[in-house]
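Comments concern the structure below.
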Amino acid sequence: MNFSYEVKKVCKQSGARIGVFHTPHGDIETPVFMPVGTQATVKGLRPEDLKELNAQIILSNTYHLYLRPGADIVAKAGGLHKFMNWDRPILTDSGGFQVFSLAKLRKISPDGVEFSSHISGEKHFMTPEKAIDIQNKLGSDIIMAFDICSNYGDSHKEAEKSAEITRQWLERCYAVQKNENQMLFPIIQGNFYMDLRKKCIQDCIPYAKCGIAIGGLSVGEPKELMYKILDEMRPDLPENMPRYLMGVGSPDCLLEGYARGIDMMDCVLPTRIARNGTAFTRHGKLVIKNAEFAEDFRPIEDDCDCYTCKHYTRAYLRHLIKAGEMLGGELLSIHNLRHLTKLTEQIKQAIWEDRLLDFKEEYLKDYKI
RNA sequence: GUGGGUAUAGCGCAGUUGGUUAACGUGCCAGAUUGUGACUCUGGAGACCAUGGGUUCGAGUCCCAUUACUCACC
C-alpha cells in the first residue's frame with residue numbers, strides 16, 4: 001500500500017494527535033488545514049504562494065472538474081497535479097456535497113443522482129462508480145466516497161434513509177476503487193442523531209483503510225451541537241488512521257476540532273471571506289473594507305509572517321477591495337490561509353508540550369467569535 | 001440672436017390622465033459567509049423633487065417668470 005499513517009504523539013491533555021500521513025506525493029504532518037481549490041485552483045493563489053504559507057495538501061472537486069473541463073482532459077494533461085502545477089498531495093471531494101448544496105437541481109435515487117449542470121443546464125447522472133472513475137482520472141491522492149449530506153433539521157427517518165444509501169454507495173465505491181496510488185476515505189454521515197452516527201461509523205470502518213471522514217457537520221447547526229457530536233463519536237473512531245472533519249475551518253473550530261482528535265480539516269471560509277474583504281486575526285475577524293481602516297497604515301497583524309502583512313497596509317488592502325481589484329482578494333487570501341496554517345503549527349507545538357487545552361483556553365479568551 | 005428640450009439622493013435615472021410615508025441602479029455605511037454555483041448575499045443612511053410665484057381641497061406632475069445646462073437653426 002502506498003499510504004500509511006503513524007501517530008507520533010498523543011497530547012496528554014486532550015488526546016489530540018500529531019501524526020505523519022505518507023502519500024505518493026509526499027508526507028503530510030497532521031493536524032493539517034487544507035485550503036480549498038475547487039476548480040483546480042485555490043482562487044487567486046499560485047502554487048508558490050501556497051507553499052510559502054505552508055499548505056501541505058489542497059482540495060479539489062470532482063463535480064466541478066467533471067463538468068469543466070472534464071476528467072478526460074485533465075487525464076490527457078497528465079493528471080491534476082501536472083495540470084495545475086501542484087506537486088504536493090491533493091484530495092478531491094466526490095461531489096456529494098454539491099448534490100447537497102445544489103439541491104434545487106437534483107433528484108436522488110438509490111442508484112445515483114440526476115442533476116442539471118449549473119453551467120449549461122444539461123442533465124447528468126452521477127453514480128458512486130462514476131465518482132470514483134472521475135477521481136481515478138483526475139489522479140488525486142485522497143479520493144472521497146460519493147455520499148449524501150443530509151440537511152440540518154431532517155427527520156430521523158430521512159437521515160436514516162440518506163445514511164443507508166450512503167452505506168450502499170460506499171460499498172460500490174470500494175468495489176471499483178483499484179488504484180493503489182489513491183486512498184479512498186469513507187464518509188460518516190448520520191445527521192445529528194447519535195444512534196445513526198454510531199451505526200455509520202461501523203458501516204465505514206470495514207472500508208476505512210487509511211483515513212476516515214466525518215461529513216454532514218457545519219451545515220447550519222449551532223457550533224456547540226457539532227462539538228457534542230464530535231465528542232460522542234470520538235470513542236468509536238479508529239485510532240490508526242487520520243480523521244478528516246469535512247468543511248470546517250474557522251480559527252475557533254480548528255482549535256475545537258483538533259482538541260477532539262480531528263487530524264484534517266478543510267474550509268472555503270478563509271478564501272471566501274478574503275474575497276469579500278474580511279481578514280482573520282488573533283482577536284477575531286477584521287472587516288478590512290470598513291471605513292475605519294481607510295487611513296490605517298499598519299499591517300493586518302504586526303506579528304504576522306505572511307507575505308501580505310510583510311508588505312501591505314490595512315489602508316491599501318481596503319482600497320483594493322473597495323476598488324474591486326483582484327489583488328485585494330488574493331492578498332487577503334494569503335493572509336487568511338497563513339493564519340490557519342500558523343494556528344495549526346501553534347496547536348501542534350501545544351500538543352507536543354501536552355498543553356493543548358491550556359492553549360485553547362488562552363487563545364479563545366482573547367478571541368471574539 | 002431665434003426656436004426647442006431638460007432640471008428629482010454624490011452620480012445615472014423612474015415617476016402612469018395632479019391623489020396617502022417619491023421607485024430603481026450605482027456609490028456610501030454596516031452585517032453575513034464553514035467538503036466554493038460566491039468581485040456574492042442581506043440590511044441601512046441619504047431627496048425641503050433647480051429657484052420664485054400662480055392654479056387647485058390637493059402639485060414632482062398643470063401655468064408664468066428666472067437661472068443653469070443642452071440641441072437645432074441663423
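Predicted, not measured: the structure shown is a model, and the values here were computed from it. Here is how names work: the chains are called A, B, and so on, in the same order as the sequence lines, proteins then strands, and each is numbered from 1.
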Output the rounded distance in Å from [atom1] ([X]) to [atom2] ([N]).
| X | N | atom1 | atom2 | result |
| --- | --- | --- | --- | --- |
| A:Gln39 | B:rU36 | CD | P | 10 Å |
| A:Phe33 | B:rG35 | CZ | C1' | 11 Å |
| A:Arg272 | B:rG31 | CZ | P | 19 Å |
| A:His339 | B:rU34 | NE2 | P | 18 Å |
| A:Met265 | B:rU34 | CE | C1' | 11 Å |
| A:Tyr152 | B:rU34 | OH | P | 15 Å |
| A:Lys43 | B:rU40 | NZ | P | 13 Å |
| A:Asn336 | B:rU34 | CG | P | 14 Å |

Tell me which nucleotide among [options] gets nearest to the side chain of [X].
| X | options | result |
| --- | --- | --- |
| A:Gln98 | B:rU36, B:rC39, B:rU34 | B:rU36 |
| A:His118 | B:rA30, B:rG37, B:rU34 | B:rG37 |
| A:His64 | B:rU36, B:rG35, B:rA32 | B:rU36 |
| A:Arg275 | B:rG35, B:rU34, B:rA38 | B:rA38 |
| A:Cys253 | B:rC28, B:rG35, B:rU34 | B:rU34 |
| A:Lys223 | B:rU34, B:rC29, B:rA32 | B:rU34 |
| A:Ala291 | B:rC29, B:rU36, B:rU34 | B:rC29 |
| A:Phe97 | B:rU34, B:rG35, B:rG31 | B:rG35 |

Euclidean distance for [atom1], [N] against [M] (whole angstrom):
| N | M | atom1 | value |
| --- | --- | --- | --- |
| B:rG12 | B:rG27 | P | 15 Å |
| B:rU51 | B:rU56 | P | 23 Å |
| B:rU66 | B:rC49 | P | 22 Å |
| B:rC57 | B:rC73 | C1' | 46 Å |
| B:rG60 | B:rG18 | P | 13 Å |
| B:rU16 | B:rU6 | P | 13 Å |
| B:rU42 | B:rA22 | P | 24 Å |
| B:rG1 | B:rG54 | P | 30 Å |

Using OP1 and OP2 only, check whether a side-chain N or O of [X] sits under 4.0 Å from [N].
| X | N | value |
| --- | --- | --- |
| A:Arg318 | B:rC28 | no |
| A:Thr38 | B:rU36 | yes |
| A:Thr271 | B:rU36 | no |
| A:Lys289 | B:rC39 | no |
| A:Asn276 | B:rG31 | no |
| A:Asn61 | B:rU36 | yes |

Write down the partner of [N] under the Watson-Crick or G-U wobble criteria, each distance required to be under 3.5 Å.
| N | value |
| --- | --- |
| B:rU55 | none |
| B:rU17 | none |
| B:rG27 | none |
| B:rC49 | none |
| B:rG5 | B:rC69 |
| B:rU40 | B:rA32 |

Exercise. Can A:Arg338 and A:Asp305 be counted as an ion pair, charged N to O under 4.0 angstrom?
Worked result: yes
Problem set entry | Pair A:Lys199 + A:Asp195: basic N to acidic O under 4.0 Å | no
Assign [X] to base, sugar-phosphate, or nothing according to its heavy-atom contacts below 4.0 angstrom with the strands shown.
| X | answer |
| --- | --- |
| A:Gln189 | base |
| A:Gly216 | base |
| A:Ile187 | base |
| A:Gly249 | base |
| A:Leu59 | sugar-phosphate |

Exercise. Can you check whether A:Tyr66 and A:His124 have ring centres sitting under 6.0 Å from each other?
Worked result: yes
Exercise. Are the aromatic ring centres of A:Phe33 and A:His339 under 6.0 angstrom apart?
Worked result: no
Exercise. With distance as the sole criterion, do the side chain of A:Thr278 and the base of B:rU33 form a donor-acceptor contact below 3.5 Å?
Worked result: yes
Exercise. Does any donor atom in the side chain of A:His22 or A:Asp27 lie under 3.5 Å from an acceptor atom in the other side chain?
Worked result: yes
Exercise. Does the side chain of A:Ser162 come under 3.5 Å of the side chain of A:Ser150 through a donor N or O and an acceptor N or O?
Worked result: no
Problem set entry | pair A:Phe115-A:Val99: side-chain heavy atoms closer than 4.5 Å | no
Seminar exercise, completed: Heavy-atom nearest nucleotide on RNA chain B taken for A:Asp147 and for A:Gly324; more 5' hit belongs to A:Asp147
Problem set entry | side chain to side chain contact (heavy atoms under 4.5 Å, CB included) partner of A:Val42, the single match among A:Leu50, A:Val268, A:Val36, A:Leu59 | A:Leu50
Exercise. Hey, does the Lys NZ or Arg CZ of A:Arg68 hover above the aromatic six-ring of A:Tyr63, less than 6.0 Å from the centre and inside 45° of the axis?
Worked result: no
